Amino acid sequence: MSAPTSMTAAEIRSRVESSLPWREASAAAEAIAAAHEVARGAPQEVVDRLDGATRIVISGAGSSLYIAQVAAFAMREESALPAEAQPLSEVLLRPDAVFAGHSVADQPLVVVSRSGTTTEALELLRAARARGQFTIAVTCAPEAPMAGLADAVLAVPEAYDAAIVMSRSFSSQASLLMRLGARLGDAAFAADLDAMPACWAETAPFIDQAFELAATAPARLVVLGAGAAFGIANEAVLKATETGQVPAAAFHPLEFRHGPISVCEPGVIVAGVLGGPNEAAERRVIDESVALGATPFVLGSDGPGGDLHPTARLPLAMYALQALAFGMAVGRGKDLEAPRHLSQVVVLDDQ
């Protein structure tokens, strides 16, 4: 593992901002607005299938799984939809357990893939078609093979990331699914989602803070988040891991007390994606971590989009966490455009 280098916040910022992943991350507001338009215009059959479901399974791999986690919780919490997130491999290899208890005819399957070419995504859609299950493909590539295998396609080409790591495509596809669910839920939540891209400038001081934290050469990152924010925490950890090989882990805030808080010491950043009626309780965990020597990075009601519903503002928090992850990677001497051992799409050879 590369040791952190001695770089100033300005040097880290300059290198991050010159990279393709950051340029794409910084263009997320427009891509999210396009995603919301796709969700508002989704065919009525898609909405009716969700409305009549006994279970909605949203599935993806890597970042797409964390999109599923964000969207599934938001759908349950804001629209009372029976949505759950499952890894592609789990649904593909253990379908009887995943879909147990109800007919698959009443369990629409949503498959998320930025490229629309991920091997497990294609195999899962073929398997679902064979068992007569209604499928929805969520992608940034409307002409990809995945689109030809699903009953409905929700595509946002404006959100496609050419970089290996996902940035705007993550936030856009998560927003698309949240906005789709909001068609069956509270109008105020839908309105806050629609208003969120216009709040992008509010991230500026938190981006500054993220680069300043990266310049302290932190040794470890912990990200705390509950509800839909747990998927954001997982994605932030993935970004830090895949770009910088930073030791990182995600936890529900109050769960962090139950053992993992032992990692707290100087050199550890504890980031919190907080919000809602339980924010005060979650902030106490951050305070306890600071008392043990950790450095905080808090994205809550006093953060970007603070006037919005806590779930609607999550893409704003994601952008700040991407800045932190990319900054930590650059501070360790990593190339954001060529992360180790990775390619943009996982394509598996026949076994």
Side-chain angles (χ1 to χ4, degrees), residues 1-17 19 21-22 25 66 165 167 203 205-226 229-230 232-274 279 281-300 302-304 317-336 339-342:
M1 179 180 296
S2 300
T5 61
S6 179
M7 298 176 64
T8 67
E11 289 170 333
I12 287 174
R13 183 174 202 134
S14 177
R15 294 194 186 184
V16 171
E17 289 182 341
S19 72
W22 183 251
Y66 305 139
V165 297
S167 59
T203 61
F206 298 89
I207 302 302
D208 293 342
Q209 185 183 0
F211 291 136
E212 290 164 2
L213 288 172
T216 66
R220 184 186 297 270
L221 173 66
V222 172
V223 188
L224 307 180
F230 186 60
I232 298 294
N234 281 324
E235 172 64 7
V237 164
L238 177 59
K239 283 292 154 285
T241 302
E242 66 185 357
T243 61
Q245 293 85 60
V246 177
F251 300 96
H252 289 84
L254 274 61
E255 281 295 303
F256 187 56
R257 289 189 178 113
H258 295 267
I261 200 169
S262 64
V263 304
C264 287
E265 61 184 3
V268 174
I269 294 176
V270 176
V273 187
L274 313 179
E279 182 170 344
E282 295 171 347
R283 281 182 180 267
R284 285 195 289 272
V285 179
I286 301 289
D287 293 340
E288 292 166 17
S289 302
V290 171
L292 295 171
T295 300
F297 184 44
V298 180
L299 298 156
D302 53 355
M318 187 72 255
Y319 183 46
L321 290 166
Q322 288 165 346
L324 179 60
F326 292 168
M328 292 175 71
V330 165
R332 288 170 169 253
K334 305 299 183 182
D335 182 351
L336 293 177
R340 189 173 68 174
H341 306 325
L342 297 184

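Here the structure is a predicted model, which is why all the values come from computation and not from measurement. Residue numbers start at 1 and run along the sequence shown.
Looking at every heavy atom in both residues, Leu336 comes nearest to Ala329 through CD2-CB, 3.7 Å. Minimum interatomic distance between Gly303 and Phe206 (heavy atoms only, all atoms of both residues): CA-CZ, 3.4 Å. In this structure, Ala323 and Phe211 approach most closely via the heavy-atom pair O-CE2, 3.6 Å. The shortest non-hydrogen separation linking Gly327 to Ala214 is C-CB, 3.4 Å. Considering all non-hydrogen atoms of both residues, Leu274 and Val298 come closest at CD1-CG1, 3.8 Å. In terms of heavy-atom proximity, Leu221 sits nearest to Ala271 at CD1-CB, 4.5 Å.
At least one side-chain heavy atom of Cys264 sits less than 4.5 Å from a side-chain heavy atom of Ser289. Under the 4.5 Å side-chain criterion, counting only non-hydrogen atoms from C-beta, Glu282 is not in contact with Leu224. Taking 4.5 Å as the limit, some side-chain heavy atom of Trp22 sits within range of a side-chain heavy atom of Ile207.
In this structure, Leu292 CG and Glu265 CD are separated by 10.5 Å, a value rounded to the nearest 0.5 Å. The structure places CD of Glu242 at 7.0 Å from CD of Glu235, a figure rounded to the nearest 0.5 Å. Here Thr243 contributes atom OG1 and Gln322 contributes atom CD; the two are 10.0 Å apart, rounded to the nearest 0.5 Å. Atoms CD and CZ, from Glu212 and Phe297 in turn, are 10.0 Å apart once rounded to the nearest 0.5 Å.
The side chain to side chain donor-acceptor pair (under 3.5 Å) search around Thr203 returns none, not counting sequence neighbours. In this structure Asp208 satisfies the salt bridge (Lys or Arg N to Asp or Glu O under 4.0 Å) test together with Arg13, sequence neighbours excluded. Annotation: salt bridge (Lys or Arg N to Asp or Glu O under 4.0 Å) contacts of Asp287 (sequence neighbours excluded): none. In this view, Glu279 and Arg283, Ser301 satisfy the side chain to side chain donor-acceptor pair (under 3.5 Å) rule, not counting sequence neighbours. Residues satisfying the side chain to side chain contact (heavy atoms under 4.5 Å, CB included) criterion with Ala236, sequence neighbours excluded, are Val223, Met318, Leu321. Every salt bridge (Lys or Arg N to Asp or Glu O under 4.0 Å) that Glu288 has, sequence neighbours left out, goes to Arg257.
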Worksheet item: Passes side-chain contact (heavy atoms from CB on, under 4.5 Å), Phe256 versus Ile286? Steps please.
Response: CA-CA 10 Å; Phe256 187 56; Ile286 301 289; over 6 Å; no

Discussion item. Run the side-chain contact (heavy atoms from CB on, under 4.5 Å) test on Gln245 and Arg332 for me, step by step, so that the C-alpha distance in whole Å, both residues' side-chain angles and the decisive distance to 0.1 Å come before the verdict.
Written reply: CA-CA 9 Å; Gln245 293 85 60; Arg332 288 170 169 253; 5.7 Å; no

Discussion item. Applying side-chain contact (heavy atoms from CB on, under 4.5 Å) to Thr295 and Thr216, what does each step give before you reach the verdict?
Written reply: CA-CA 10 Å; Thr295 300; Thr216 66; over 6 Å; no

Worksheet item: When you look at Leu213 and Leu324, which way does the side-chain contact (heavy atoms from CB on, under 4.5 Å) test go after all the steps?
Response: CA-CA 7 Å; Leu213 288 172; Leu324 179 60; 4.0 Å; yes

